[in-house]
K.L.:
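A single structure is presented below for examination.
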Amino acid sequence: VNLLTAASVGDHDRFTNYMSYLTRHNRERSATGLVMDRRVRLRVVDGQNKPINDAAITITAPNQRRFFGRTHADGRWDFFPSFAGVQASGAVEVTVSAGTRAAKVRVGLPRRGTTQEIQIKLPNTRALSPRALDLAFAIDITGSMSDELRYVNNEIADIVRRVKASVPNTAVRVGAVFYKDRMDHQRLQMLRFTTDVAGFGNAMRRIRAGGGGDYPEDMNAGLQLAMKSLRWSTGNAVRVLVVLADAPPKYYSDANYRYRQAMADASSRGIRLLPVAASGANRTVEYLFRAMGAMTSTPYVYLTDDSGVGGKHMEADTDRVGVEKFNNLLTRLIVSDLRGQGMHEPGHLGVQ
């Protein structure tokens, strides 16, 4: 336990850096179809300026199309007009509600880049700290993951234990889905949400990697299982899906649910997608994972060579990196989120 090392890139905090990254990766943008270069950043607070978790947000575009979201425990929700297909600049109507209180504002869409953070106050509402955590994992368990999976699963079992100990008054549920590719035996597996942290840890340790063969895997099926079949909490909870993989999604023409739907679903339901790239990940994985992180205001995380475990790890295309123990990093991010502080890069690299 505590062998793996990892680094994080907080694109949601450093959007100028992210914009620069996007301009360098047109090929990956074409490959994924994800256009992430326009953002509206909202933060919902109560009368004492405390962040409101799980506030419902509705964006009404000029053509009357509607988009829905839920704030995270730091009160934030990020909307990407280009991802949503809202191409016009101009204004959208934003409706925010929590309990019986609601507010409406008009927000100008940026032509490029991000808005300043727009704070929306619900003065007669009292922000409550989250009392529940849903923590789930979607993990590629094809053969190429075998060099790190045993370590990862041990670490995850310990991370869950540490998170629970750090927030003793929080009800913690943990679950996981595992995916391979269509031609593989037992290509999808699921551990349903449970409060039995020790039992979950034991089940994680029994998972073995195998199958695969070509590089892309059926990540889309794994995301569908995680988003549609796990029974996520609603209301004042923190919801996090850690996506761990070393290969991009394979395209199947008959798939009716893909990563784009998973990103939109997560955004609308207040589920953070926390992406972790393992050894062997390429630039397409990085681009997709950084888009997932940006969409749900989480850092892009990737395992590094510092531990000496696993194959060669690709460094992120970014200007600065802080390396941590993977165990410490994931525990820190989740506990910070539960405390209403969001998920950020470590220490001096994080939010100033």
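The basis for the numbers below is simple: all heavy atoms, side chains too, and nothing from hydrogens, waters or symmetry mates.
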K.L.:
With the side chain counted from C-beta on, respond yes when Val197 and Thr195 share a heavy-atom pair under 4.5 Å apart, and no when they do not.
P.N.:
no
K.L.:
Linking I/L/V/M/F/W/Y whenever any side-chain heavy atoms sit under 4.5 Å apart, do Met263 and Met219 land together?
P.N.:
yes
K.L.:
Please enumerate all residues that pass side chain to side chain donor-acceptor pair (under 3.5 Å) together with Tyr302, with sequence neighbours excluded.
P.N.:
Glu315
K.L.:
Is the backbone of Arg205 close enough, under 3.5 Å, to the side chain of Asn153 for a donor and an acceptor to pair up by distance?
P.N.:
no
K.L.:
Evaluate the ring planes of Trp232 and Phe193, with Trp represented by its six-membered ring, and classify them as parallel (under 30°), tilted (30 to 60°) or perpendicular (over 60°).
P.N.:
perpendicular
K.L.:
Could Arg260 and Asp265 be called an ion pair, given the rule that one side-chain N must be under 4.0 Å from one carboxylate O?
P.N.:
no
K.L.:
Do the side chains of Met295 and Val242 join up, straight or via other hydrophobic residues, at under 4.5 Å, putting them in one cluster?
P.N.:
no
K.L.:
Would a 4.5 Å heavy-atom cut-off, applied to side chains only, mark Val160 and Phe137 as touching?
P.N.:
yes
K.L.:
Just jot down the side chain to side chain donor-acceptor pair (under 3.5 Å) partners of Arg206, sequence neighbours excluded, or say none.
P.N.:
none
K.L.:
Go through the structure and list residues passing side chain to side chain donor-acceptor pair (under 3.5 Å) with Asp181, not counting sequence neighbours.
P.N.:
Lys250, Tyr252
K.L.:
Please determine whether a side-chain nitrogen of the Lys or Arg among Glu345 and Arg320 lies less than 4.0 Å from a carboxylate oxygen of the Asp or Glu.
P.N.:
yes
K.L.:
Salt-bridged, Asp46 to Lys121, with N to O below 4.0 Å?
P.N.:
no
K.L.:
Does Asp218 pair with Lys180 as a salt bridge, N-O distance under 4.0 Å?
P.N.:
no
K.L.:
Should Thr16 and Met19 count as side-chain neighbours, where that means a heavy-atom distance under 4.5 Å?
P.N.:
no
K.L.:
In a check of salt bridge (charged side-chain N to carboxylate O under 4.0 Å, His left out) between Asp337 and each of Arg332, Arg76, Arg272, which one passes?
P.N.:
Arg272
K.L.:
When you look at Arg173 and Asp196, which way does the salt bridge (charged side-chain N to carboxylate O under 4.0 Å, His left out) test go after all the steps?
P.N.:
CA-CA 8 Å; Arg173 299 194 312 154; Asp196 180 4; over 6 Å; no
K.L.:
Between Arg39 and Asp11, is there a salt bridge with N-O shorter than 4.0 Å?
P.N.:
no
K.L.:
Can you confirm if the NZ or CZ of Arg290 lies within 45° of the ring axis of Tyr21 and under 6.0 Å from the centre of its six-membered ring?
P.N.:
yes
K.L.:
Is there a donor in the side chain of Trp77 and an acceptor in the side chain of Ser267, or the other way round, less than 3.5 Å apart?
P.N.:
yes
K.L.:
Does Arg161 come within less than 4.0 Å of Asp158, counting only side-chain N to carboxylate O?
P.N.:
yes
